[in-house]
Protein chains: 2
Amino acid sequence: MTDLKTSPLATNVVHRGDCITVLKGLPDASVDMVFADPPYNLQLGGDLLRPDNSVVDAVDDDWDKFDSFAAYDAFTRAWLTECRRVLKPEGSLWVIGSYHNIFRLGSAMQDLGFWVLNDIIWRKTNPMPNFKGTRFTNAHETLIWAARSREQKRYTFNYDAMKAFNEDVQMRSDWTLALCTGEERIKGEDGKKAHPTQKPEALLHRVIMAASRPGDVILDPFFGTGTTGAAAKRLGRHYVGIERDETYAKVAETRIAAVIPAAPEDLKVMGSKRAEVKVPFGALVEAGLLAPGDRLYSPKGDREARVRADGSLVSGEFTGSIHKLGALLENAPACNGWTYWRFKTDQGFKSIDALRSEIRATM
Amino acid sequence: MTDLKTSPLATNVVHRGDCITVLKGLPDASVDMVFADPPYNLQLGGDLLRPDNSVVDAVDDDWDKFDSFAAYDAFTRAWLTECRRVLKPEGSLWVIGSYHNIFRLGSAMQDLGFWVLNDIIWRKTNPMPNFKGTRFTNAHETLIWAARSREQKRYTFNYDAMKAFNEDVQMRSDWTLALCTGEERIKGEDGKKAHPTQKPEALLHRVIMAASRPGDVILDPFFGTGTTGAAAKRLGRHYVGIERDETYAKVAETRIAAVIPAAPEDLKVMGSKRAEVKVPFGALVEAGLLAPGDRLYSPKGDREARVRADGSLVSGEFTGSIHKLGALLENAPACNGWTYWRFKTDQGFKSIDALRSEIRATM
DNA sequence: CCTATAATTGAATCGCTAA
DNA sequence: TTTAGCGATTCAATTATAG
């Protein structure tokens, strides 16, 4: 076997093996960017049933199981340490995680000397709901982008490209993107998903476009089915992947071989400026445009309701959202509460939709 | 000085002093919710304060950097430990921070035994741009919501209120809210902002509405100009503030004094079905709404069962409760019999849940 | 072949109470 | 402490099936 550490770095390869072991064999200061999607250390209980009684296909693979936070932290520090060594002086590192592990990752990075440049929120357009109604819908994941050290003055950030991409306003730290589903999601011969946590290529597209240059080498120590490699090749970058599961590694190689480096504009990406923001009625109460106790009236003035602090309405014995209560009082199957309800002003009645416009104007 | 720790907790007060010192004087298990917006002056050029308020020397060698994080971590663990002690067994804690400190906060919380329920992203509609064009616009902050421990099964979450608030779909983990500006932003006599990081009351409104009940006690160990207290009072909750800066504390007291609380009836929120009084199916038979021998039918009409006098059902060789028999016939792990079974009327089939509502209306 | 409806699915720390 | 019973609970998007 060739000594990877003293040979020039081979690129566009998928190394088989434990990521820390393989990393230790790579030469110092040889890659321009690292993208890492490590195990999240989910600590799940028993089966979770949907309301239709079907079972949620959970991530219960062995590779995601750790005995303790201490064990997870030790693993995290080990691979981060090697990544830092392998990075060029002007390189940068990205990690992605959820609330289960992102605090561990961020702290370890800071402890090892990495200097955080941004944390980025991936807002999912179509997240899995909270089936039991016990928490907020977990609708995002977090990425951390960091330089090797505080002293590092130079790193690649294609500011103007990002700005142009985002309709000529600065790219923000929250990105709205869909999950990887449909055609993009790689399936095995059995029709099941080849990997439980395949990331959308649009996400990697944006990361790579933002923080690397054509010809750069991008290392992914948790290669999986090779989203990083596919995006890198498509965008004219080189990749180095590490994956210990032979099945995943093979899928990745096949996938990347089929990628034609191409003009990237056919990748579906939603700019955060255009990302539509829904204004819930409750936001009017939060913002103080309506107060708890204020009265709303129907178009004919024959119905009246009182606003509550949670944004619901009360009318007699009935309660509900602006839409539900409108439908209920009109005995209609549905009702657009925004155009139905009015409030009193000095100039007479006004639609609550006007208040929504006020809120939208600030967005 | 009275001994706060053994006296009943005084509420609607702003304690002056170092937060850890004051916290140590508060009684065990006495508050329902904590909201904490700790300082995040981590290596930003500002002074980093040790728990004893001495200033950490800003030196650039690696050892001191570690020392700085260690000092911040020690401070963080100290106040989090006290907050955990002061929380009631069914209480929960919220913290807010940015990438400078949120990873330290989250890790410390997990290390101390807190169990993360959600991380929440506050998307700012009007963030400060990145003037130098060197990074992404830092357009969000992160909140962490946690229970005291993994074993804690109960915590207040007004799921249905949040859903009604959000146009009848589940509230997600990303909240879009404007910064605190304009009229809401408190200014001193010199016209300058009274506090550098005043949070919008809308943010506290949502936190408090989501995770507390009227009459609850909410503790804020970094009270500042009292946004938590103002929102708490407006929403019929009690507050306990801790602030070491006398100027901030005075501003907070003046501000809160001017707040007019909402009427109690406007603070009622959309109720959860789980909290409704339980009605045994047999009560329908007792009340004569159904008679022994009446037939019930499945949603598709392909199953039929007979009501018995004791409130159990019979279908062929099977007997059981409305739930058990439904599950049995559908070969499902569980079944909500109330929404499953229908009975015949002149107007067609009706759900037995409508009969339950009739009973509840008389209670 | 087109349209309407039904089924499937996604990194998930997912119930409560009383006996 | 454990078990059993009651009965509450989902959004967006794609794919499959029915008409």
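Numbered from 1 within each chain, the chains take letters A, B, ... in sequence-line order. Keep in mind it's a predicted model, so treat the numbers as computed, not measured.
Each of D/dT10, C/dT13, C/dA12 was ranked by its minimum atom distance to the side chain of B/Lys163; first place goes to D/dT10. With D/dA8, D/dT9, C/dA12 as the choices, the nucleotide that has an atom nearest any side-chain atom of A/Pro51 turns out to be D/dT9. Here the nucleotide nearest the side chain of A/Arg50, chosen from D/dT9, C/dA12, C/dG10, is C/dG10. Of the candidates C/dA12, C/dA11, C/dG10, C/dA11 carries the atom nearest the A/Asp37 side chain, counting heavy atoms from C-beta on. Picking from C/dA11, C/dT13, D/dT9 the nucleotide with the shortest atom distance to the side chain of A/Glu141 gives C/dA11. The A/Tyr40 side chain lies nearest to C/dA11 when the options are C/dA11, C/dA12, D/dT9.
When heavy atoms are screened at a 4.0 angstrom cut-off, A/Trp122 is found touching no nucleic acid atom at all. As judged by a 4.0 angstrom heavy-atom cut-off over every strand, A/Thr197 is placed among the base-contacting residues. Base engagement by A/Val56 is indicated by at least one non-hydrogen atom pair under 4.0 Å involving a base atom. At the heavy-atom level, A/Gly191 lies nowhere under 4.0 Å from the strands shown. Across all strands, A/Pro127 comes closer than 4.0 Å to base atoms (heavy-atom distances). Among the atoms of the strands shown, base atoms are found under 4.0 Å from some heavy atom of A/Lys199. Nucleic acid contact class of B/Cys335 (heavy atoms, under 4.0 Å, all strands): base. Residue-level contact check: B/Arg356 touches the backbone only, with heavy atoms under 4.0 Å from sugar-phosphate atoms and none from bases. A/Pro200 comes within contact range of no nucleotide atom at all, as no heavy-atom separation falls under 4.0 Å. The residue A/Asn101 sits apart from the nucleic acid: no heavy atom pair falls under 4.0 Å. Using a 4.0 Å heavy-atom distance criterion, B/Val279 is classed as a sugar-phosphate-only contact. Residue-level contact check: A/Asn130 touches the bases, meaning some heavy atom is under 4.0 Å from a base atom.
With a glycosidic angle no further than 90° from 0, C/dT13 counts as syn.
Between D/dG5 and C/dA12, the distance separating the two P atoms is 31 Å to the nearest Å. Comparing the same atom, P, in C/dC16 and in D/dT10 gives a spacing of 15 Å after rounding to whole Å. For the C1' atoms, the distance from C/dT13 to D/dA13 is 25 Å, rounded to whole Å. Using atom P as the reference point in both D/dA12 and C/dC14, the two lie 23 Å apart (nearest Å).
Within residues 302-325 of chain B, the residues approached by DNA chain D to less than 4.0 Å at the level of any non-hydrogen atom are B/Ser321, B/His323, B/Lys324, in residue-number order.
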For this session: Under 3.5 Å for both distances, Watson-Crick or G-U wobble, that's the pair rule; now give the dot-bracket for DNA chain D, with | marking pairs to another strand and [ ] for crossing ones.
Result: .|||||....|||||||||

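Geometrically, B/Arg356 engages B/Trp338 in a cation-pi contact, judged by NZ or CZ lying under 6.0 Å from the ring centre and within 45° of the ring axis. In this structure, A/Lys65 is not positioned above the aromatic face of A/Trp63 in the sense of NZ or CZ being under 6.0 Å from the six-membered ring centre and within 45° of the axis. In this structure, A/Arg206 satisfies the cation-pi test against A/Trp175, with its NZ or CZ atom closer than 6.0 Å to the six-membered ring centre and inside 45 degrees of the ring normal.
If you measure from atom CG of A/Leu179 to atom P of D/dT15, you get 14 Å, rounded to the nearest angstrom. Protein atom CZ of A/Phe222 is 18 Å distant from nucleotide atom P of C/dA11, rounded to whole Å. Taking atom NZ on A/Lys187 and atom P on D/dT15, their separation rounds to 7 Å, with Å as the unit. The nearest whole Å value for the distance from the CD atom in A/Glu183 to the P atom in C/dT9 is 16 Å. Between A/Leu42 atom CG and C/dG10 atom C1' the separation is 13 Å, expressed in whole Å. The distance from atom CG of B/Asp168 to atom C1' of D/dT9 is 15 Å, rounded to the nearest whole Å. Between A/Asp47 atom CG and C/dA12 atom P there is a gap of 13 Å when expressed in whole angstrom units. At whole-Å resolution of the value, CE in B/Met171 and P in D/dT10 are 15 Å apart.
The six-membered or imidazole ring of B/Trp94 lies near that of B/Trp145, with a centre-to-centre distance under 6.0 Å.
A/Lys199 and A/Asp37 are joined by a salt bridge, as a carboxylate oxygen and a charged side-chain nitrogen come within less than 4.0 angstrom of each other. For B/Asp174 and B/Arg172, the salt-bridge test passes: some basic side-chain N is under 4.0 Å from an acidic carboxylate O. A salt bridge does not link A/Asp310 with B/Lys268: every distance from a Lys NZ or Arg NE/NH1/NH2 to an Asp or Glu carboxylate oxygen is 4.0 Å or more. Under 4.0 Å is where a charged nitrogen must lie from a carboxylate oxygen, and between B/Glu167 and A/Lys278 no such pair does.
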For this session: Please step through side-chain contact (heavy atoms from CB on, under 4.5 Å) for the pair B/Ile120 and B/Val207, ending with a clear verdict.
Result: CA-CA 10 Å; B/Ile120 301 285; B/Val207 168; over 6 Å; no

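Environment of CG in B/Asp302: crowded, with over 12 heavy atoms of neighbouring residues, nucleotides or ligands closer than 6.0 Å.
Side-chain atoms of B/Gln152 do not come within 3.5 Å of backbone N or O of B/Ala146 as any donor-acceptor pair. Proximity of a side-chain donor or acceptor of B/Ser312 to a complementary backbone N or O of B/Arg308 within less than 3.5 Å is not detected.
A/Glu141 and A/Tyr40 are linked by a side-chain donor-acceptor pair at a separation below 3.5 angstrom, with hydrogens and angles left out of the test.
In this structure, A/Asp18 and A/Arg244 approach most closely via the heavy-atom pair N-CB, 4.1 Å.
Between A/Met128 and A/Asn138 there is no side-chain heavy-atom pair separated by less than 4.5 Å.
With centroids closer than 5.5 Å and planes inclined by less than 30 degrees as the test, A/Phe131 and the base of C/dC14 fail to qualify as a stacked pair.
The side chain of B/Asn336 places an N or O atom within less than 4.0 Å of a non-bridging phosphate oxygen (OP1 or OP2) of D/dA8. When the side-chain nitrogen and oxygen atoms of A/Arg185 are compared with OP1 and OP2 of C/dA11, one or more of them lie within a distance under 4.0 Å.
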Every protein N/O lying under 3.5 Å from an N/O of nucleotides 15-19 of chain C:
residue : atom : partner  : partner atom : Å
C/dC16  : OP2  : B/Lys153 : O            : 3.3
C/dT17  : OP1  : B/Arg154 : NH1          : 2.9
C/dT17  : OP2  : B/Arg154 : NH1          : 2.6

